[in-house]
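In what follows, a structure is listed as structure tokens, so that the remarks can point back to it.
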Number of protein chains: 2
Amino acid sequence: MAIREQIQAALGTLPGAEKKVAHAFLANYPSIGLSTIAELAALAGTSAPTVLRFVARLGFESYPDFQRMLRADVQAQLMSPLERARSTGPLTDNPALKASFADIAANLEATAKAVSESEFEAACELLSDQKTACYILGGRFTDAIAAYMAAHLRIIRPNVRHFDGQTSTWRDQLLDVRPGDVAVLFDIRRYQSDLVRLGELLVERKARILLITDPWLSPIARSARVVLPCVVDANRTWDSSVAILALAEALIDRVSRAQSDAARARMQTLEDIHWNNPPGR
Amino acid sequence: MAIREQIQAALGTLPGAEKKVAHAFLANYPSIGLSTIAELAALAGTSAPTVLRFVARLGFESYPDFQRMLRADVQAQLMSPLERARSTGPLTDNPALKASFADIAANLEATAKAVSESEFEAACELLSDQKTACYILGGRFTDAIAAYMAAHLRIIRPNVRHFDGQTSTWRDQLLDVRPGDVAVLFDIRRYQSDLVRLGELLVERKARILLITDPWLSPIARSARVVLPCVVDANRTWDSSVAILALAEALIDRVSRAQSDAARARMQTLEDIHWNNPPGR
DNA sequence: GGGGTAGCGTAACAAAAATTACAGTATTGA
DNA sequence: TCAATACTGTAATTTTTGTTACGCTACCCC
């Protein structure tokens with residue numbers, strides 16, 4: 001947009017023929033400027049050298065130089081978030097994938113129905129409580145989702161820990177858990193006995209448990225403060241965890257939006273630090 | 001948008017060097033296409049005639065002809081309704097979950113369209129190749145999905161390794177990579193420089209790269225054998241990885257179904273062992 | 001009213017871009 | 001393993017494009 005503004009600002013000081021060029025350009029922004037000098041001159045009803053004098057007056061070294069700036073301009077506009085959403089529109093179709101994804105979409109819908117609003121809100125509240133620590137862990141496959149959630153939640157609030165996958169070290173990690181702490185457990189079908197046991201231990205330590213499970217409910221549900229069921233059945237060799245991830249993301253988003261302005265500023269700062277000091281160390 | 005659509009559709013049928021051109025173009029759409037052949041060729045790491053053959057294959061008379069279409073494309077997009085004023089939508093605290101899931105479902109649909117069938121098949125073929133090792137890794141957030149995929153793939157076939165999150169140990173792990181090995185990389189927006197670097201190292205070691213990225217394509221796309229784009233934009237604080245996970249699951253399912261009976265029997269045995277000797281002891 | 005200046009376009013020129021020809025190199029199938 | 005085919009890059013060629021030189025016209029100020 002910079003170029004357009006610049007031209008509009010200069011409009012008053014331009015000689016007649018060059019003003020015609022400016023008008024032609026603005027009326028056909030940006031495509032005509034990405035074309036050749038001859039075309040722009042023709043559209044403006046003037047000559048090539050006039051176009052050249054025009055861009056020179058704007059301070060550009062050459063016509064290609066002017067076009068470079070213009071391309072950058074266009075790029076910036078097309079890359080803005082909303083344009084992007086649109087430009088990702090219909091592309092080629094992949095029937096097999098589409099069918100597969102349709103099943104998953106059905107899972108999402110079913111999950112949305114299975115999770116009651118009050119439970120969802122209660123879950124968000126648990127996660128938003130910054131006075132206590134928050135422990136996150138999952139089972140054989142869902143541990144990855146636990147890690148994903150922890151990575152995000154850590155940015156939003158302090159005291160987030162992901163119980164790492166080594167079951168042997170769980171006991172040690174348990175020592176840090178204090179009454180009132182929040183524990184997020186992911187546990188779906190073929191409920192792992194060790195995970196269930198750990199749930200019991202957490203309850204003993206008076207942790208408040210947020211359980212994310214399937215509609216058949218892991219045994220942990222009995223002692224959980226909040227239970228969110230996800231539909232995982234997808235007619236596949238293995239269950240699908242997509243709905244679980246979607247729910248986790250929804251929680252993350254809801255919690256991050258609920259933050260105070262101060263907290264959001266801190267979050268932004270964290271992010272900036274992260275990207276300004278690229279990893280590699 | 002017609003042009004992007006057309007290129008995505010043709011991606012599978014393009015020869016290697018031309019595919020690199022397509023990737024470079026999509027990753028820098030539209031500005032690079034409005035520039036010169038030489039620049040596009042340089043960005044794609046190939047030669048001018050290849051670019052020319054690329055546009056010829058797409059059905060254009062000449063490069064200027066191609067640019068004319070592209071300009072029209074850009075013009076159409078920039079001139080469309082000014083819904084740009086609408087900045088990041090207000091947070092409706094009503095049925096948060098349903099609205100949220102609807103967005104995600106749209107992502108899934110868009111992803112199904114963005115992934116061409118032939119590319120998907122090519123990806124499955126890479127993953128099914130049991131003669132070589134398979135390395136899986138992801139970025140800051142996507143590493144969790146990499147772990148998830150590895151956990152499943154490990155059951156289906158031998159020689160699956162998840163590059164663990166410690167960037168400092170990557171170099172060591174690289175030593176094991178042999179020519180022809182398959183590397184699955186997850187890399188989405190805010191492409192991590194260290195991950196890109198690692199991609200280059202993998203290419204040097206002649207690994208075949210399967211890249212899962214967003215529609216703007218990580219720089220790694222230039223040297224990847226197969227590229228699968230996922231729509232991640234969800235009008236949230238962070239991008240959504242749901243489509244990525246869904247795609248990963250689709251790949252896993254497709255590969256597991258393609259196994260021979262013998263292999264499937266072995267798989268079943270593995271699973272039985274896992275559950276009959278429950279961990280936790 | 002005449003010298004001077006700024007604006008403009010035609011046409012020659014120079015630079016660059018696109019295109020083609022060709023030769024070397026993989027890849028595929030017999 | 002060999003032949004045939006497809007793919008790719010280098011280099012020469014042609015075309016297009018941007019740029020400059022120059023002369024004409026209109027206007028302003030002295």
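In the text below, chain A, chain B and the rest are named by the order of the sequence lines, each starting its count at 1.
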query = Hey, mind stepping through Leu40(A) and Ser35(A) against side chain to side chain contact (heavy atoms under 4.5 Å, CB included) and telling me if it holds?
reply = CA-CA 7 Å; Leu40(A) 176 50; Ser35(A) 173; over 6 Å; no

request  = Could you tell me whether Tyr148(B) and Phe186(B) have their ring centroids closer than 6.0 angstrom?
outcome  = no

message = If we check side-chain contact (heavy atoms from CB on, under 4.5 Å) with Val21(A), which of these qualifies: Thr46(A), Ile32(A), Leu52(A)?
response = Thr46(A)

Gap between atoms CZ and C1', on Phe54(A) and dG7(C) respectively (whole Å) = 16 Å

message = Of all nucleotides in DNA chain D that come within under 4.0 Å of a heavy atom of chain A, which is furthest toward the 5' end and which toward the 3' end?
response = dT17(D) to dT20(D)

request  = Assess the side chains of Asp73(B) and Tyr29(B): does a donor N or O sit below 3.5 Å from an acceptor N or O?
outcome  = yes

Side-chain N or O of Thr50(A) closer than 4.0 Å to phosphate OP1/OP2 of dG9(C) = yes

Side-chain donor-acceptor pairs of residues 172-180 of chain B under 3.5 Å, sequence neighbours excluded:
residue: Gln173(B); atom: NE2; partner: Asp164(B); partner atom: OD1; Å: 3.2
residue: Gln173(B); atom: NE2; partner: Thr169(B); partner atom: OG1; Å: 2.9
residue: Asp176(B); atom: OD2; partner: Arg161(B); partner atom: NH1; Å: 3.0

key: Heavy atoms of other groups near Glu125(B) CD, more than 12 under 6.0 Å   = no

task = Output every pair passing side chain to side chain donor-acceptor pair (under 3.5 Å) with a member in residues 61-71 of chain B, not counting sequence neighbours, ordered by first then second residue.
result = none

query = For the helix from dG1(C)-dC30(D) to dA30(C)-dT1(D), what is the angle between the axes at its two ends, each from 5 pairs, rounded to 10°?
reply = 20°

inquiry  = Would you compute the distance between atom CG of Leu251(B) and atom OG of Ser256(B) and round it to the nearest 0.5 angstrom?
reply    = 11.0 Å

request  = Sorted by first residue and then second, give each salt bridge (Lys or Arg N to Asp or Glu O under 4.0 Å) pair with at least one member in residues 7-19 of chain B; sequence neighbours left out.
outcome  = Glu18(B)-Arg57(B), Lys19(B)-Glu119(B)

message = Applying a 4.0 Å non-hydrogen cut-off, can you work out what Ser47(B) is touching in the nucleic acid: base, sugar-phosphate, or nothing?
response = base

task = Name the orientation class of the two ring planes belonging to His152(B) and Phe141(A) (parallel below 30°, tilted from 30 to 60°, perpendicular beyond 60°).
result = parallel

Below 3.5 Å is the cut-off: list the nitrogen or oxygen pairs between protein and nucleotides 15-21 of chain C, distance only.
residue: dA18(C); atom: OP1; partner: Ile37(B); partner atom: N; Å: 3.4
residue: dA18(C); atom: OP2; partner: Ile37(B); partner atom: N; Å: 2.9
residue: dT19(C); atom: OP1; partner: Tyr63(B); partner atom: N; Å: 3.4
residue: dT19(C); atom: OP2; partner: Tyr63(B); partner atom: N; Å: 3.1

